[in-house]
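Taking it in order: structure first as structure tokens, then the write-up.
Here is how names work: the chains are called A, B, and so on, in the same order as the sequence lines, proteins then strands, and each is numbered from 1. Predicted model only: the values in this text are computed from it and were never measured.
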2 protein chains.
Amino acid sequence: MSDKNNIKISEPSLKRLPLYYHHLKFLNSNDVKYVSSKKIAEKINLKPIQVRKDLSITGLVGKSRLGFNVKEAIAKIEDYMGWKHKTDGILVGCGDLGSALLGYDNFENYGFNIIAGFDNNKNIVGKEIHGKKIFHINKLKDLSNRLKIKVGIICVPPKSAQKIADIMIKSGIKAIWNFAPAALIIPEDIVLHQEDMASSLTLLFKKIKNKF
Amino acid sequence: MSDKNNIKISEPSLKRLPLYYHHLKFLNSNDVKYVSSKKIAEKINLKPIQVRKDLSITGLVGKSRLGFNVKEAIAKIEDYMGWKHKTDGILVGCGDLGSALLGYDNFENYGFNIIAGFDNNKNIVGKEIHGKKIFHINKLKDLSNRLKIKVGIICVPPKSAQKIADIMIKSGIKAIWNFAPAALIIPEDIVLHQEDMASSLTLLFKKIKNKF
DNA sequence: TAGATTGTTAATCGATTAACAATC
DNA sequence: TAGATTGTTAATCGATTAACAATC
């Protein structure tokens, strides 16, 4: 079953939950106990009704006149998102971008942990980047198998991306997060999540055009 | 007016256009002259009708029985997206992620050009990263004003993000692409495009859950 | 011609928004 | 109590998909 609670969640809603979460954490750090959907909506530029709908997906219940208990809301979102359940992953390609991701300490807050980096550059193999050990790519299969790693991040140049994806799949990786601007060809049963700067840039430009 | 052609485009469509584009470029490099929406759809895992709808937004017209002219399609997408019109930007925070973006040579294909980086670290100020000169942050206002820069990228640690955003806005920047995991407070008339790893990670995990 | 493909128009699907009774 | 806020149910809006005539 996909969802514990059998409540469908739309992709837009799913993307908004972290936004509420950030804001709720901020409120909590300021000792705010209750917050209304109206207040949240103002901050995040949404409609109150949308905030309520989204939050209700997590099972959170508010109080009339008071709004939502901030601590409770935080807990419900963490719970719903499964951020407590830790998932391990590995990263291939320890250049600038790979290094940045290895050092992105925010991942642990979202239940994700990169346990090691891989590269084929002899100058960095054996070293550590942001406290993560870097192995040669030919160790990938062995290590992934042994630790039953299911998530792989690709940060290599686009030309090598397909090759790395193939290695990952052979190594038992089931989900690929691809930061290389390359369209990967992968089997049906593998999850591919493409990070696309071009699309993102496009959205930025669209926003600019809409505004001016 | 927002759209030259007065044809509304949905955000999902806008995100798909680069996907078609990549594939069309690939086909073109293989000397394919015509391609049907069915073939494209198969490659990108979409429905043929959706491909046709999206492509029609660019003004592209196909041929019965043949499909779409590959070169023509590429040109129409480039045109519609405005990738020929170059926009300059500056980047603040030249750590791992900032360096990665300074070296992301794909940007130029999408009409974007980072003309310089800024940092407050004396060890890198005055140096070059991927051929881009790095200036001290206190030069930002002067340089942005002089070159009439309208787009700023933030790659500093979350704690400094708001401060940098404020400086950018004072310097005449009109659109901010924020890679720092921080919710920025900005005036109404400034465009904010937030790059959110947490949301992205969340989507990856959702895809995994849906699959298994 | 027969068959493949486009592009238009209409139907469906899903997300957002509105309205409002229930609550404190 | 009066007023603010929730959560439910219904209406609206917009994107996707289906159906199919037109084209070559």
Side-chain angles (χ1 to χ4, degrees), chain A residues 2-3 5-17 19-20 23-24 27 32-73 76-77 80 199 202-203 206 210, chain B residues 2-3 5-17 19-20 23-24 27 32-73 76-77 80 199 202-203 206 210:
Chain A
S2 308
D3 267 279
N5 318 339
N6 254 352
I7 299 169
K8 276 170 285 174
I9 182 168
S10 71
E11 205 168 292
S13 294
L14 202 70
K15 278 187 177 173
R16 285 190 299 264
L17 282 178
L19 302 180
Y20 305 141
H23 185 55
L24 288 162
L27 292 174
V32 177
K33 301 297 178 210
Y34 280 87
V35 64
S36 68
S37 58
K38 196 182 165 202
K39 286 247 182 70
I40 297 175
E42 270 167 16
K43 281 290 170 193
I44 315 193
N45 264 320
L46 297 169
K47 302 262 162 87
I49 176 65
Q50 197 167 39
V51 175
R52 271 176 280 153
K53 261 276 160 69
D54 288 342
L55 288 177
S56 77
I57 297 168
T58 68
L60 182 65
V61 173
K63 286 201 171 55
S64 301
R65 294 237 306 136
L66 273 174
F68 299 93
N69 180 296
V70 173
K71 276 189 168 38
E72 207 185 314
K76 282 285 189 185
I77 294 176
Y80 180 82
S199 288
T202 294
L203 286 182
K206 190 207 174 197
N210 283 348
Chain B
S2 309
D3 267 277
N5 317 339
N6 254 354
I7 299 169
K8 275 171 286 175
I9 182 168
S10 69
E11 206 170 291
S13 295
L14 201 71
K15 279 187 177 175
R16 285 191 297 265
L17 283 177
L19 303 179
Y20 305 140
H23 185 55
L24 288 161
L27 292 173
V32 178
K33 302 295 179 213
Y34 280 87
V35 64
S36 68
S37 57
K38 196 182 165 203
K39 287 247 181 69
I40 296 175
E42 269 166 17
K43 281 289 171 195
I44 316 194
N45 264 319
L46 297 169
K47 303 261 163 83
I49 176 66
Q50 195 167 41
V51 174
R52 269 177 280 152
K53 262 273 158 74
D54 288 342
L55 288 177
S56 77
I57 296 169
T58 68
L60 182 66
V61 174
K63 285 201 170 56
S64 300
R65 296 235 305 133
L66 273 175
F68 300 92
N69 180 296
V70 173
K71 276 189 167 38
E72 206 185 315
K76 282 283 188 186
I77 294 177
Y80 180 82
S199 286
T202 294
L203 285 182
K206 191 209 174 192
N210 284 347

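Within 4.0 Å (heavy atoms only), B/P12 reaches sugar-phosphate atoms of the nucleic acid but no base atom. Looking at heavy-atom distances under 4.0 Å, B/K53 makes contact with a base.
If you find the closest nucleotide of DNA chain C to A/R65 and to B/K63, the one lying nearer the 5' end belongs to B/K63. Residue order along DNA chain C, read from the 5' end via each residue's closest nucleotide, puts B/V61 first among A/K47 and B/V61.
Distance CD1 (A/I49) to P (D/dA4): 18 Å, rounded to an integer number of Å. Per the geometry, CD belonging to B/E72 stands 13 Å off P belonging to C/dT6, to the nearest Å. The interatomic distance linking B/L55 (CG) with C/dT6 (P) rounds to 9 Å, in whole Å. Rounded to an integer number of Å, the gap from B/K15 NZ to D/dT16 P is 12 Å. Between A/I9 atom CD1 and C/dA15 atom C1' the separation is 12 Å, expressed in whole Å.
For the OP1/OP2 pair of C/dT6 and a distance below 4.0 Å, the side-chain nitrogens and oxygens of B/S37 include at least one atom meeting the criterion. In this structure, A/Q50 does not reach the C/dA15 phosphate: none of its side-chain N or O atoms is under 4.0 Å from OP1 or OP2. Dashed line: the shortest gap from a side-chain N or O of A/R52 to OP1 or OP2 of D/dT6 is under 4.0 Å.
The OH atom of A/Y20 sits 8.5 Å away from atom CD1 of A/I77, with the distance rounded to the nearest 0.5 Å.
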- request: Let me see the working for A/L60 and A/E72 under side-chain contact (heavy atoms from CB on, under 4.5 Å), right down to the final yes or no.
  value: CA-CA 8 Å; A/L60 182 65; A/E72 207 185 314; 3.9 Å; yes
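No donor-acceptor contact under 3.5 Å links the side chain of B/S64 to the base of C/dT6.
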